[in-house]
Amino acid sequence: MPEYDNATIGGMLDDFGDLLEIAGADRYRTLSYHKAAHAIRAWDEDITRTAAEGRLGEIPGVGAKLGAVISSIIARGSFPEFEEVAQSLPASITELMRVSGVGPKKAKALYEERGVASVNDLAEALEEGRLEGLPGFGAKTIDNVRAGIERYRAISARMLLADALPLAERLAASLDELPVVEAASLAGSIRRMKETVGDVDVLVASRDPAAVMEAVRLLPMVTSVVASEETKTSVLTASGRQADVRVVAPESWGAALQYFTGSAGHNVRLREIAKARSLKISEYGVFDATGSRVAGATEEDVYAVLGMPLMPPEIRENTGEIDLALRGELPELVTAGDIRGDLHSHTPATDGKSSLEKNRQRAAELGYEYLGCSDHAYDLRMVGGLDLSQLEEQWDEIDTLNALGDGPVLLKAIELNIDDEGGVDYPHDVLARFDYCIASLHHGFGQPREKATQRLLRAMENPYVDIIGHPTGRLLGRREPFDLDMEAVVAKAAETGTALELNAHPERLDLNDVHLRLARKAGVSICISTDAHDATHFSFLKWGVATARRGWIGPADVLNAQPLDVLVARLKRNRR
DNA sequence: GCCGTTTTCGGCCCGACTGTTTTCAGTCG
């Protein structure tokens, strides 16, 4: 049987919820599938284990029925309700709903009246004029659907946060400079620092929306205007990415910023809480039963009137943050300023571009107290992994640079390669000579869960493996992560005192937010490392910090937020 | 289908736009 992970099961429940909606089921029933899907994605335990232990009911939004559905999926890959609906409707038609302008009713009509069962079918039917005369599909709707298909195809390829954010920040900053603009900010998933984003949302406070819209259309970075209305303009930027700029009145600024930042699930929870207190919250403000505004100008006010402190955008994902905020127990989140050094960098001795000296100089500019030099170990032959004599050469260079006195302390480290049995490149007597060792998986990506997991567990049992590098091995949009039992990995890290890396490379961001929350709960140390292969890569730190914050990681959890003596004392080899 | 600071039954988030609706359903964010 294939293994079902949380994301897969969440996806299946989402698809089924859409299918039910098309079939015309009660909308609260369909909503419950979507709610459960979200909760399962955020569930930081392997759901097959939760199921095996009979604890599915602990997942918010999962009751008796959904528990049975999930168990059925795990046992046999499907469930009776799905099979029943799939007899009358092909499962593929849920894809139609991803096209802007097509909802459940139109999707159903497209399938039943024209046999359209996928976005490709839809594009074809459109070309051939086969949608003429279909009720609900007038000329304008057809135009909208045509544009929707293009947008769907463009956004399916999501953009890395690191590619989208600089441009988005420039866009917001240039609007902020306009005299008619009182405030400008990013909103949506890019403000929440999600690792990938579909499009860019920018919010502006102004009394003169027309002037703002005009200015947006004329910005140099705008290559074309998709649509421009009174308070909203959509443009394509040089990157080909769509940005939506919205204008709101200054008295609604905070409410609108809160609203458009989301996430959707977070907003729904907030509105439920507001309602229970006889308040109504919308993008215009928070209103009491008499309809008078009680908050809205700032985000602080909106949260305060609901009894919460201002919520950092990165954690607004409806994964328990609201309950913590209500109890005044929001976790302290790490900031870039807390970071005292980088523990993972490479030099030209293996596959790095910048010399040890140059890396050290850059680390000094960043105000770091220490820098870990961690080139690849011997077994990674393709990048020229170091043998003992090369290591001794590097150690001499480190000693020489450290003797200069000023600047960050260079640490003698290594990135070990974990072999098929969980072993590493050097014997213990060599490993003992490093200040610390990182061990990483570099091959065997297709291995079954049991095998890949065992490799990591065995590596962590080595007393000289202090840190596991880029634990899941994913490359966003390019390579799937190793299939790992992350609970077992985290448990072993906690048991052995091994730290887990949060690799800050924008294509990795590995561990992800869900894994980080799991590690935090288990008390595992995290090191936020850039894995710099060039001195310019130390700036990747911000992506790692953003992801750490999404994972509720605080400065105390972060190994490289500690002063050098504390860091050294917390290394596995020095704890025993 | 879920769930309890009004509730174990009757609710379940809000506001706006769009088009083909002649009074509002469908869709979106």
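Throughout, protein chains are lettered first and strands after them, A, B, ... in sequence-line order, and every chain is numbered starting at 1.
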Q: Using a heavy-atom cut-off of under 4.0 Å over every strand shown, decide if A64(A) touches base, sugar-phosphate, or nothing.
A: sugar-phosphate

Q) Of the candidate nucleotides dG1(B), dG19(B), dC14(B), which contains the atom at the shortest distance from the side chain of K280(A)? A) dC14(B)

Q) So what does G262(A) touch, heavy atoms closer than 4.0 Å: a base, only the sugar-phosphate, or nothing? A) nothing

Q | Check ion pair R293(A)-D301(A) (N to O, under 4.0 angstrom) | A | no

Q. Does the side chain of Y33(A) get closer than 4.0 angstrom to OP1 or OP2 of dG1(B) through an N or O atom?
A. yes

Q: Rounded off to whole Å, could you give me the CD1-to-P distance for the I142(A) and dT18(B) pair?
A: 18 Å

Q.
Does dC13(B) have its OP1 or OP2 closer than 4.0 Å to a side-chain nitrogen or oxygen of R271(A)?
A. no

Q. According to a strict under-4.0 Å criterion, is Y284(A) in side-chain N/O contact with OP1 or OP2 of dA16(B)?
A. yes

Q.
Could you tell me how far apart E283(A) (CD) and dC17(B) (C1') are, to the nearest whole angstrom?
A. 12 Å

Q.
Please compare E229(A) and S278(A) by the position of their nearest nucleotide in DNA chain B and report the one closer to 5'.
A. S278(A)

Q) Which nucleotide, dT27(B), dG19(B), dC14(B), lies nearest any side-chain atom of K106(A)? A) dT27(B)

Q | Per E272(A) side chain, nearest of listed nucleotides dC12(B), dC2(B), dT20(B) | A | dC12(B)

Q | Polar side chain donor-acceptor pair, S263(A) to R192(A), under 3.5 angstrom | A | no

Q: Establish, with yes or no, whether the OP1 or OP2 oxygen of dG1(B) is under 4.0 angstrom from a side-chain nitrogen or oxygen of T30(A).
A: no

Q.
In whole Å, I'd like the distance from the CZ atom of R269(A) to the P atom of dT5(B).
A. 11 Å

(Q) Looking at dT18(B), I'd like to know if its phosphate oxygens (OP1 or OP2) sit under 4.0 Å from a side-chain N or O belonging to N144(A). (A) no

Q: Assign V286(A) to base, sugar-phosphate, or nothing according to its heavy-atom contacts below 4.0 angstrom with the strands shown.
A: nothing

Q.
Under 4.0 Å, heavy atoms only, any strand: does P135(A) hit a base, just the sugar-phosphate, or nothing?
A. nothing

**Q.** Pairwise C1' distance for dG11(B) and dT5(B), with rounding to whole Å
**A.** 16 Å

Q: Look at all strands and tell whether S100(A) reaches a base, only sugar-phosphate, or nothing, counting heavy atoms closer than 4.0 Å.
A: sugar-phosphate

Q.
In this structure, is the centre-to-centre distance between the rings of F79(A) and F16(A) below 6.0 Å?
A. yes

Q) For residues H515(A) and D510(A), is any side-chain donor paired with an opposing acceptor at under 3.5 Å? A) no

Q) Among side-chain atoms of D14(A) and H34(A), is any donor-acceptor pair under 3.5 angstrom? A) yes

Q | Euclidean distance, atom CG of residue L270(A) to atom P of dG15(B) [Å, nearest integer] | A | 15 Å

Q.
Without decimals, in angstroms, what is the distance between L31(A) CG and dC13(B) P?
A. 7 Å

Q. Should dT8(B) form a Watson-Crick or G-U wobble pair with both distances under 3.5 Å, which nucleotide is its partner?
A. none

Q: Output the single nucleotide from dG26(B), dC14(B), dT6(B) whose closest atom is nearest the side chain of A276(A).
A: dT6(B)

(Q) Output the rounded distance in Å from CG (L20(A)) to P (dC2(B)). (A) 12 Å

Q: For the pair R550(A) and E317(A), find out whether any cationic side-chain nitrogen is under 4.0 Å from an anionic carboxylate oxygen.
A: yes

Q.
When you measure from the side-chain N and O atoms of K275(A) to the phosphate of dC12(B), is any distance below 4.0 Å, counting only OP1 and OP2?
A. yes

Q. Expressed in angstrom and rounded to an integer, what is the separation of K65(A) atom NZ from dG1(B) atom P?
A. 5 Å

Q.
Using whole Å, what does the distance between atom P of nucleotide dT21(B) and atom NZ of K105(A) come to?
A. 17 Å

Q) Checking all strands, does I281(A) fall into the base, sugar-phosphate, or nothing category for heavy-atom contacts under 4.0 angstrom? A) sugar-phosphate

